[in-house]
Amino acid sequence: MTEQEIEAVEDGAPTRSGFVALIGATNAGKSTLVNRLVGAKVSIVSHKVQTTRAIVRGIAIHDNAQIVFMDTPGIFKPRRRLDRAMVTTAWGGAKDADLIMFLIDSERGLKGDAETILEGLKEVKQPKILVLNKVDQVSPETLLTLAKAANDVVPFERTFMISALNGSGCDDVMDYLARALPEGPWYYPEDQISDLPMRQLAAEITREKLFLRLHQELPYASHVETEKWEERKDGSVRIEQVIYVERDSQKKIALGKNGEAIKAISMASRKELSEILEQPVHLFLFVKVRENWGDDPERFREMGLDFPH
């Protein structure tokens, strides 16, 4: 907490707390924004769309308020069972929140999925704010036109123009949320930044590195699970993870020629995990074929998703 935030609490100002759901089309920048507002990495970021699969909660303290951000999966037209589960989870997260932030990629505007989400927001009763992202990439006239078009469909409480990447405008969003959330006790200890178990966060980080390395080659039919976590006497931690794919051909891609791909993924993941955990990490990755894991209810539970029938 900053000195200003500590003073706000000590001065006896009533504490506030609540859940803020970020919804938007895939690749609108939701995960980047959550990490920016929380001030730490709690959600994986990739240029590959639909990387967030379940709801990830990032926790921030601003003035006397604890703001719990719910980074939902991007909303898009579902084609597979996994897609349907992700879209259902996103809308469910929105309806469970105290306030909804609708994030739009200003470069893409109200096209396709963004327009569909805007129509869907008409049925959602919670207060809503509009956040236009990547504002440094478009002209002021385009932003004003976009803001008006969105507000003509849904009357938003406020409209913000930001860059999640460089932080421009993000302080204004935090100031607003800290005042808008209801009075009440904080839900989490003040030093907690996420409700994601560390084993699951570790799996998400490896999945991010997998996407970054193989985004052109490996389809979405991959999933990472942390199977073993051993704290060692020397202060290090041994982590064993399994990357599940659906076919032998995908296993070969994940391993790479002479194991080069899996080594690079492991090295990148181990480096980031060591920084987060602040201790040495021994990471061991295994690739296994599990046909049609996308139809396995147990895998959905592992990801925090309901299995759609």
Side-chain angles (χ1 to χ4, degrees), residues 4-5 8 13-25 28-39 43 57-72 74-75 90-91 93-111 113-184:
Q4 178 186 357
E5 289 161 349
T15 56
R16 295 178 178 272
S17 59
F19 292 83
V20 178
L22 267 76
I23 67 167
K30 296 182 300 298
S31 296
T32 302
L33 181 57
V34 166
N35 292 339
R36 166 71 62 180
L37 297 179
V38 171
S43 191
R57 293 180 180 87
I59 305 158
I61 307 293
H62 191 75
D63 294 337
N64 59 321
Q66 185 177 72
I67 307 164
V68 185
F69 293 101
M70 302 161 69
D71 179 15
T72 64
I75 297 175
W91 279 116
K95 289 170 182 173
D96 288 341
D98 295 291
L99 188 146
I100 294 169
M101 290 172 60
F102 177 35
L103 191 66
I104 295 179
D105 179 334
S106 298
E107 288 185 291
R108 290 196 305 226
L110 284 174
K111 296 176 184 174
D113 294 331
E115 187 176 20
T116 304
I117 297 166
L118 189 60
E119 287 295 323
L121 282 174
K122 290 180 180 178
E123 310 301 319
V124 180
K125 296 177 181 177
Q126 283 90 333
K128 296 168 278 287
I129 63 172
L130 176 66
V131 179
L132 304 182
N133 190 24
K134 306 181 184 178
V135 297
D136 49 335
Q137 303 297 317
V138 297
S139 69
E141 292 80 10
T142 300
L143 289 171
L144 292 172
T145 302
L146 179 55
K148 183 179 185 306
N151 277 276
D152 283 347
V153 179
V154 174
F156 290 95
E157 305 280 330
R158 285 280 299 273
T159 297
F160 295 92
M161 301 184 183
I162 67 148
S163 167
L165 201 58
N166 66 31
S168 171
C170 290
D171 286 343
D172 294 336
V173 175
M174 293 294 280
D175 288 342
Y176 176 82
L177 295 176
R179 294 192 302 270
L181 291 178
E183 290 186 15

Side-chain contact test, heavy atoms from C-beta onward, threshold under 4.5 Å: evaluate it for Leu121 versus Ile23 and give yes or no.
yes
State whether the side chain of Thr15 and the backbone N or O of Gly184 hold a donor-acceptor pair below 3.5 Å, judged by distance alone.
yes
Taking all non-hydrogen atoms of both residues into account, name the closest pair between Lys30 and Ala25 and its distance.
NZ-O, 3.1 Å
With side chains defined as the heavy atoms from C-beta onward, is the minimum distance between Pro182 and Asp98 less than 4.5 Å?
yes
Approximate separation, where rounding is to 0.5 Å, of Ser163 OG and Leu132 CG:
12.0 Å
If you compare all heavy atoms of Arg36 against all heavy atoms of Cys170, which two are closest, and at what distance to 0.1 Å?
CG-SG, 3.8 Å
Hey, is the main chain of Ala164 close enough, under 3.5 Å, to the side chain of Asn133 for a donor-acceptor pair?
yes
Flag the pair Asp136 / Leu165 as yes when at least one side-chain heavy-atom distance between them is below 4.5 Å, and no otherwise.
no
Quick one, Met101 with Phe160, criterion side chain to side chain contact (heavy atoms under 4.5 Å, CB included). Give me CA distance, side-chain angles, the key distance, then yes/no.
CA-CA 10 Å; Met101 290 172 60; Phe160 295 92; over 6 Å; no
Determine whether a donor-acceptor pair (N or O, by modelled atom type, separation under 3.5 Å) exists between the side chain of Gln126 and the backbone of Ala97.
yes
Can you find a pair of side-chain heavy atoms, one from Val131 and one from Leu22, that are under 4.5 Å apart?
no
Scanning both residues in full, the closest heavy-atom pair of Leu110 with Ala149 reads CD1-CB, 4.0 Å
State, with a plain yes or no, whether a side-chain heavy atom of Ser106 is found less than 4.5 Å away from one of Thr142.
no
Measure the CD-CD distance between Gln137 and Glu107 for me, rounded to the nearest 0.5 Å.
4.5 Å
If I take atom CG from residue Leu130 and atom CD1 from residue Ile100, how far apart are they, to the nearest 0.5 angstrom?
12.5 Å
Val154 side chain near Phe102 side chain, heavy-atom distance below 4.5 Å
no
Pairwise distance CG(Leu177) to CG(Leu37) - rounded to 0.5 angstrom:
7.5 Å
Considering all heavy atoms of both residues, which atom of Ala147 and which atom of Thr159 are nearest to each other, and what is their separation?
CB-CG2, 4.1 Å
Would you name the heavy atoms of Leu99 and Ala180 that are closest together and state the gap between them?
CD1-CB, 4.0 Å
If I take atom CD1 from residue Ile104 and atom CG from residue Leu146, how far apart are they, to the nearest 0.5 angstrom?
5.0 Å
Give a yes or no on whether Leu144 atom CG has more than 12 heavy-atom contacts from other residues, nucleotides or ligands under 6.0 Å away.
yes
Should Asp152 and Lys148 count as an ion pair when the cut-off is N to O under 4.0 Å?
yes
Can you tell me how far the CG atom of Asn64 sits from the CZ atom of Arg16, to the nearest 0.5 Å?
7.0 Å
